[in-house]
Amino acid sequence: MSLVTASPRRQFLILAIFPIIWVLTQHLGPMLQMLRVSLTDAYPVAPGVEQNLTLDNYARFFADSIFMMPFFRTLVYAAVFTFCTLIITYPVAYFLARHVSRKNQMLMLLLLLTPFWVGEIVRTYAIMILLGNTGALNLALKWLGLIEQPIPFMYTSFSMGVGVVYLTALYMLLPLYSALEKLPKSMNEAAADLGAGPWTRFRRVTLPMSIEGISSGCTLVFLISTGFYAVAVLLGGPSTTVFAETIAGFFHVAGDQWPTGAAFATIMFATALLITGVFQMIMKSLRKGDLT
């Protein structure tokens, strides 16, 4: 062991080898396979049939406008849901990091994380129970006398948004909490001593210092939101079809449509990465103070 760990480089290799293998085999490998399939004219290949390379699968996306609506709807939904998740979880992270004693923070985090121990499908069904015509929300509104007939929350953009925000809140909360927890309280105290009010302290001190957490959280939530399928199927309706449902449709039919599905998935993946790359550049400029 002393020979293996004798140098920092060897120690790094020992620590990094398993994560690298995991990324290559479980993340990068499937993506490269999907890219390869998207460039073929048929997959799986029937015995005795020659497989050829083609770009027709990508051309189909740009040639048929019917695919554009769910594509752009997915991007708009992802951006709006990401913003809503940020607005909802930021106060929670702020309260947890700044107003809860350090010895109780882990307990509070554990309580917040408890619902996420359950699978995505189960949590989605919980939203369905909450928003249904006889769900808790409609029953509460009726009991308060605000409505006489149930409000059709289900199978709308609202129900899907609630589901996405609920399922992605953890990925926004943890980066925000990590960034806010590192913020020295002395900085806010110094700003208060200089006459800055609560809003000014938040705008000039707290918010800029939490940009890194906002950047990480928004990136995670946006990327996850562009790929949600179960939530869209269970909580959405005909007017809320997203691109993941379109992609899945190609894999539910004969094998000769799989390359088209792979091409569409590649297009969505590349577009989401491009958007998050631009977003990261903007947030990096904000952290450096280049933008006002």
Tightest non-hydrogen contact, residues A179 and S210, listed as CB-CA, 4.2 Å

Non-hydrogen atoms of V205 and A191 that approach each other most closely | CG2-CB, 4.1 Å

Starting at CD of Q33, measure out to OG of S38 and round the result to the nearest 0.5 Å.
-> 10.0 Å

Count the heavy atoms of every other residue, nucleotide or ligand shown that sit under 6.0 Å from CZ of R98, and state whether that count exceeds 12.
-> yes

Above 12 or not: heavy atoms from other molecules or residues under 6.0 Å from CD of E148?
-> no

Give a yes or no on whether Y171 atom OH has more than 12 heavy-atom contacts from other residues, nucleotides or ligands under 6.0 Å away.
-> no

Kindly say whether the aromatic ring centers of F71 and F67 come within a distance under 6.0 Å.
-> no

Any chance the side chains of D56 and T54 put a donor and an acceptor closer than 3.5 Å?
-> yes

Could you tell me how the ring of F158 sits relative to the ring of F153: parallel (under 30°), tilted (30 to 60°) or perpendicular (over 60°)?
-> tilted

The residue among Y58, F250, F62 that forms ring pair (Phe, Tyr, Trp, His ring centres under 6.0 Å) with F264 is F250

Could you go through the ring pair (Phe, Tyr, Trp, His ring centres under 6.0 Å) check for Y90 and F95 one step at a time?
-> CA-CA 9 Å; Y90 196 100; F95 175 80; over 10 Å; no

Could you walk me through whether T82 and M172 pass side-chain contact (heavy atoms from CB on, under 4.5 Å), step by step?
-> CA-CA 9 Å; T82 299; M172 184 72 75; 4.2 Å; yes

Minimum heavy-atom distance A244-G227, with the two atoms named | CB-O, 4.2 Å

Contact check, side chains of M108 and Q105, non-hydrogen atoms, under 4.5 Å | no

Would a distance-only check, ignoring hydrogens and angles, find a side-chain to backbone donor-acceptor pair under 3.5 Å from S159 to L235?
-> yes

Can you measure from CD1 (I224) to CD (E120) and round to the nearest 0.5 angstrom?
-> 9.5 Å

Do other residues, nucleotides or ligands put more than 12 heavy atoms under 6.0 Å from M281 CE?
-> no

Under 6.0 Å from the CE atom of M68, do we count more than 12 heavy atoms belonging to anything else shown?
-> yes

Do side-chain atoms of D41 reach the backbone of N52 as a donor and acceptor pair under 3.5 angstrom?
-> yes

L86 vs C218, side-chain contact (heavy atoms from CB on, under 4.5 Å): CA-CA, chis, key distance, verdict | CA-CA 7 Å; L86 173 64; C218 288; 4.1 Å; yes

Give the minimum heavy-atom separation between L131 and N138, together with the two atoms involved.
-> O-ND2, 4.0 Å

Quick one: do Y155 and L234 end up in the same hydrophobic cluster if we chain Ile, Leu, Val, Met, Phe, Trp and Tyr together by side-chain heavy atoms under 4.5 Å apart?
-> yes

Side chains of Y94 and T206: do they bring a donor and an acceptor to under 3.5 Å?
-> no

State the CD1-CG distance between I267 and N57, to the nearest 0.5 angstrom.
-> 9.0 Å

Y77 and S157 side chains, donor-acceptor separation under 3.5 Å | yes

Determine whether V221 and V231 fall in the same hydrophobic cluster, where Ile, Leu, Val, Met, Phe, Trp and Tyr are linked whenever their side-chain heavy atoms lie under 4.5 Å apart.
-> yes

Nearest heavy-atom pair of F251 and A262: which atoms, and what distance?
-> CZ-N, 3.6 Å

Spacing of CZ belonging to R60 relative to CG belonging to L55, to within rounding of 0.5 Å | 15.0 Å

Might you confirm whether atom CD1 of I66 has over 12 heavy atoms from other residues, nucleotides or ligands at distances under 6.0 Å?
-> no

State yes or no: do I151 and L139 share one hydrophobic cluster built from I, L, V, M, F, W and Y residues joined by side-chain heavy-atom distances below 4.5 Å, directly or via other members?
-> no

Indicate, with yes or no, if F83 and L223 share a hydrophobic cluster defined by side-chain heavy-atom contacts under 4.5 Å among Ile, Leu, Val, Met, Phe, Trp and Tyr.
-> no

Report the distance from atom CG of L207 to atom CE of M209, rounding to the nearest 0.5 Å.
-> 11.5 Å

Answer whether the closest heavy-atom distance between the side chains of P70 and V242 falls below 4.5 Å.
-> no

For G213 and L176 the tightest heavy-atom approach is C-CD2, 3.8 Å

Look up atom OG1 in T40 and atom CG in L35, then write down how far apart they are to the nearest 0.5 Å.
-> 10.5 Å

In sequence, state the C-alpha distance, the side-chain angles, and the governing distance for R123 and Y166, and then conclude on side-chain contact (heavy atoms from CB on, under 4.5 Å).
-> CA-CA 8 Å; R123 284 181 285 152; Y166 174 56; 3.7 Å; yes

In terms of hydrophobic clusters joined by side-chain contacts under 4.5 Å, are Y229 and L220 together?
-> no

Mind checking whether Y43 and W258 have parallel, tilted or perpendicular rings, split at 30° and 60°?
-> tilted

T156 side chain to P152 main-chain N or O, any donor-acceptor pair under 3.5 Å?
-> no

I would like to know whether N104 and S101 meet side-chain contact (heavy atoms from CB on, under 4.5 Å); could you show each step before the answer?
-> CA-CA 5 Å; N104 292 328; S101 62; 2.9 Å; yes

L96 versus L112: any side-chain heavy-atom pair under 4.5 Å?
-> yes

Lys/Arg N to Asp/Glu carboxylate O, E181 vs R102, below 4.0 Å = yes

Compare all side-chain heavy atoms of M154 with those of N133 and state whether any distance is below 4.5 angstrom.
-> no

Flag if over 12 foreign heavy atoms under 6.0 Å of CD, E212 = no

Ring centres of F61 and F243 under 6.0 Å apart?
-> yes

